[in-house]
Structures are given as C-alpha cells and as structure tokens.
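Okay, so here's the structure we're looking at.
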Amino acid sequence: MDIKEIVKEENLVYKKSMVLTDKEMHYCPGCTHGVVHKLIAEVIDEMGIQEKTIGVAPVGCAVFAYDYLHIDWQEAAHGRAPAVATGVKRLLPDKMVFSYQGDGDLAAIGTAETIHACNRGENIVMVFINNGIYGMTGGQMAPTTLKGMKASTCPFGREPQQDGNPLKITELLAQLPGTSYVTRHSCHTAAAVRKTKKALRKAFENQQQKKGTSLVEVVSTCSSGWKMTPAKANDWMVENMFPFYPLGDLKDE
Amino acid sequence: MAKAKGAIVVDTVKCKGCELCMVACPTKVIEMAREVNAKGFHYSQMGNPEACIGCTNCAMVCPDSCITVYKVKA
C-alpha cells in the first residue's frame, strides 16, 4: 500500500497534543524534559482541564516550560515552586495546580519547601525530574548524584566520605502523612513512557478528589551533562540509576 | 494474517536527530537521513516504510513531538 493512501486524516492515530505550543523546545536532543512536557500536555488535553490548569515553573532547564504548554503559568524562585503552588492552590482551590521541578530545584535548594508542602498535604501535583546532576549549569554534582558517578565538580566520581551520600528524596517524602501518591517512573522506552503518562493522569485525578500531595518522580537522562548519546544515556540510566532509584509506586492511598 | 499498516510523518524542521525513535521502533522502519535540516541535525525518516505497523512507539518517545502516526488495517 502506498504511503499516500495511509497518510490521511481518517487514519490518524497519534499527533502532537493541542496543549503544546508550536514553539521549538530549547532542550538538547533526546532530553527527557520534552517527553514529560508532552505527557503533561496529553493528560491535560484528555482530562479537559486546559482552561483551569496552572503550572509552576522551576529554575533549571525547565525554566522556559511556560513557553511550551498552552496553560497558565507562574515562575517561581529557585526551589520555591511547592511554596508558590501552595499559595496558588489555596487562593484558587478550583484550579488544577502542579509544580514541575528538577532535582537541583526540588532536592537541593528547595528541600525545605518540598518537605513542608508534602507534610502539610497540599492538594497539588509535583512532577520531579531526576537526572542526578545540575544539567543547566554544566553538569555539576547534585544531592541526587550517584555514588561514584562523574560530574563536573566530582570528575573522579562522587566520594561519599567527602561529598556525602546521594539523597533519595522520594522515599523520604513517601513517609510523610500528607502525601497520597508517591511514585517513580522513567521514559526510556515507549512502554515506560505510557506508564509515566498513567501515573501523571492518576496524580491529577487525585487532585480532583482532594486527596493530598501527589509526587511523580521521573528518572531522566541528561545526555549533554553525562556526555553520552541519548540512546547510550538511556542504557546507562537502566544500568546505573535504576538499581539505586527503583521504579514503581512507593505510596498509593 | 490481517496485519496493520502504518506510516509516519516526521516534522523534519523540528527534529533534533536524537535517534531515540530509531531505537524504539520494533520493526526497524526508521533511519536517520543523510541530509541535515536547517539546524544541522540528521533528521529521522522512514527508511523501510513497508515494515511500519503504526504502533506509535516512535511518537511516544520523541521528546520534540515531531512524529505523526497513521494506521490502516490491511
């Protein structure tokens, strides 16, 4: 069958979500941010909540997230997205509010805001992109950097005696009574991407049901920071990140 | 055997040539073009269109949402 016969409007099975803008993303080739943006857009589209969703953008690579999704956004100071999201949700309880943060934002400078927002059980969704380094500023060591993992500020690998231990903040947050849904996913294969989408959908549905804080961690790659091709970075993630950051639900109440 | 036939359309202007779609394709349909786009990336394209089953795996993993998928039941 000729391709021209297949490429017709009635045979369409997948196209870019209408919630995504036409602006070209500034992310490096193969960046997981793009996939997660797309999944959030699709979830918002499918739930029909585009008009009442407010995102809180972080500082980090995703700082320009407000350019890529056709929803309302608020930019927060570094690490303060959960605090800003708290304020937005309390003032506008009918809106769907989510924060979108990287590991330098959520697990380093914003640890206090993150823990207290989760402990208070703020009715928000937190999306946490964990790639183990500070990708935007040049791949420096982050609290989430693995033991022995090389970064620009630990070129011989992270040494716990000197640099401290990697932080599993998601496990820490799962213990707090305020969180209702804490889960860890990834985007290295199409199946994993579909699972992540389901988790995001569930997190937004929890917010509709006023269940408390939902945290979706996405273990991600940073091919530029890790100095690998995107495909190799995925393999490296499966081999090294997943043993320390195992995928699956940590809490579902 | 009733097998589905698929086809993809790649936004070659936006494609950054990360090759993740090529890795995700179960039937090895996608290849990277010899030519480059305006940004200098080898964009992805259908190298073996006969094998496409329209599974949407490539579109799911594409970080820049460049891929549109069509499918018919053959």
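Proteins come first, then strands; the chains are lettered A, B, ... in the order of their sequence lines, and each starts at number 1. Side-chain atoms are counted along with the backbone in the values below, which use heavy atoms only and exclude waters and symmetry mates.
- Every residue was checked against the salt bridge (charged side-chain N to carboxylate O under 4.0 Å, His left out) condition with A:Asp249, not counting sequence neighbours, and none meets it.
- Residues forming a side-chain contact (heavy atoms from CB on, under 4.5 Å) with A:Ala76 (at least two apart in sequence, or on another chain): A:Val56, A:Ala81, A:Val84.
- Looking at A:Leu20, only its side chain comes within 4.5 Å of chain B, counting heavy atoms on both sides.
- When side chains are defined from C-beta on, A:Thr183 does not count as touching A:Asp252, because their heavy atoms never get closer than 4.5 Å.
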Between chain A and chain B, which N/O donor-acceptor pairs sit under 3.5 Å?
{"unit_1": "A:Asn11", "atom_1": "O", "unit_2": "B:Lys71", "atom_2": "N", "d": "2.8"}
{"unit_1": "A:Val13", "atom_1": "N", "unit_2": "B:Val69", "atom_2": "O", "d": "2.8"}
{"unit_1": "A:Tyr14", "atom_1": "N", "unit_2": "B:Val69", "atom_2": "O", "d": "3.2"}
{"unit_1": "A:Tyr14", "atom_1": "O", "unit_2": "B:Val69", "atom_2": "N", "d": "2.8"}
{"unit_1": "A:Asp22", "atom_1": "O", "unit_2": "B:Lys14", "atom_2": "NZ", "d": "3.0"}
{"unit_1": "A:Glu24", "atom_1": "OE2", "unit_2": "B:Lys39", "atom_2": "NZ", "d": "2.8"}
{"unit_1": "A:Met25", "atom_1": "O", "unit_2": "B:Lys16", "atom_2": "NZ", "d": "2.8"}
{"unit_1": "A:Tyr27", "atom_1": "O", "unit_2": "B:Lys16", "atom_2": "NZ", "d": "2.6"}
{"unit_1": "A:Lys38", "atom_1": "NZ", "unit_2": "B:Ala59", "atom_2": "O", "d": "2.6"}
{"unit_1": "A:Lys38", "atom_1": "NZ", "unit_2": "B:Met60", "atom_2": "O", "d": "2.6"}
{"unit_1": "A:Lys38", "atom_1": "NZ", "unit_2": "B:Cys62", "atom_2": "O", "d": "2.9"}
{"unit_1": "A:Arg194", "atom_1": "NH1", "unit_2": "B:Asn57", "atom_2": "OD1", "d": "3.1"}
{"unit_1": "A:Arg194", "atom_1": "NH2", "unit_2": "B:Cys55", "atom_2": "O", "d": "3.3"}
{"unit_1": "A:Arg194", "atom_1": "NH2", "unit_2": "B:Thr56", "atom_2": "OG1", "d": "3.0"}
{"unit_1": "A:Arg194", "atom_1": "NH2", "unit_2": "B:Asn57", "atom_2": "OD1", "d": "3.2"}

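- Residue B:Val61 touches chain A through both its backbone and its side chain, counting heavy-atom pairs closer than 4.5 Å.
- Across all non-hydrogen atoms, the minimal contact from A:Ile40 to A:Val127 is CD1-CG2, 4.1 Å.
- Of the atoms belonging to B:Ala24, not a single heavy atom falls under 4.5 Å from chain A.
- For the ring-ring contact (aromatic ring centres under 6.0 Å, His included) test, residues two or more places apart in sequence or in another chain that qualify with A:Phe204 are A:Phe98.
- Ranked by heavy-atom pairs under 4.5 Å with chain A, the list B:Cys52, B:Ala7, B:Cys18 is led by B:Cys18.
- You'll find the side chain of A:Gln208 reaches within 4.5 Å of the side chain of A:Met47, heavy atoms only.
- Ranking A:Val35, A:Ile6, A:Ile3 against chain B, the residue ahead of the rest is A:Ile6, based on heavy-atom pairs under 4.5 Å.
- Two residues are said to be in side-chain contact when any heavy atoms from C-beta on lie closer than 4.5 Å; A:Met96 and A:Ile54 fail this criterion.
- The closest side-chain heavy-atom distance from A:Thr144 to A:Tyr245 is below 4.5 Å.
- Using a 4.5 Å heavy-atom cutoff, the side chains of A:Val36 and A:Cys187 are in contact.
- Proximity to chain A (any heavy atom under 4.5 Å) is restricted, for B:Ile67, to the backbone atoms N, CA, C and O.
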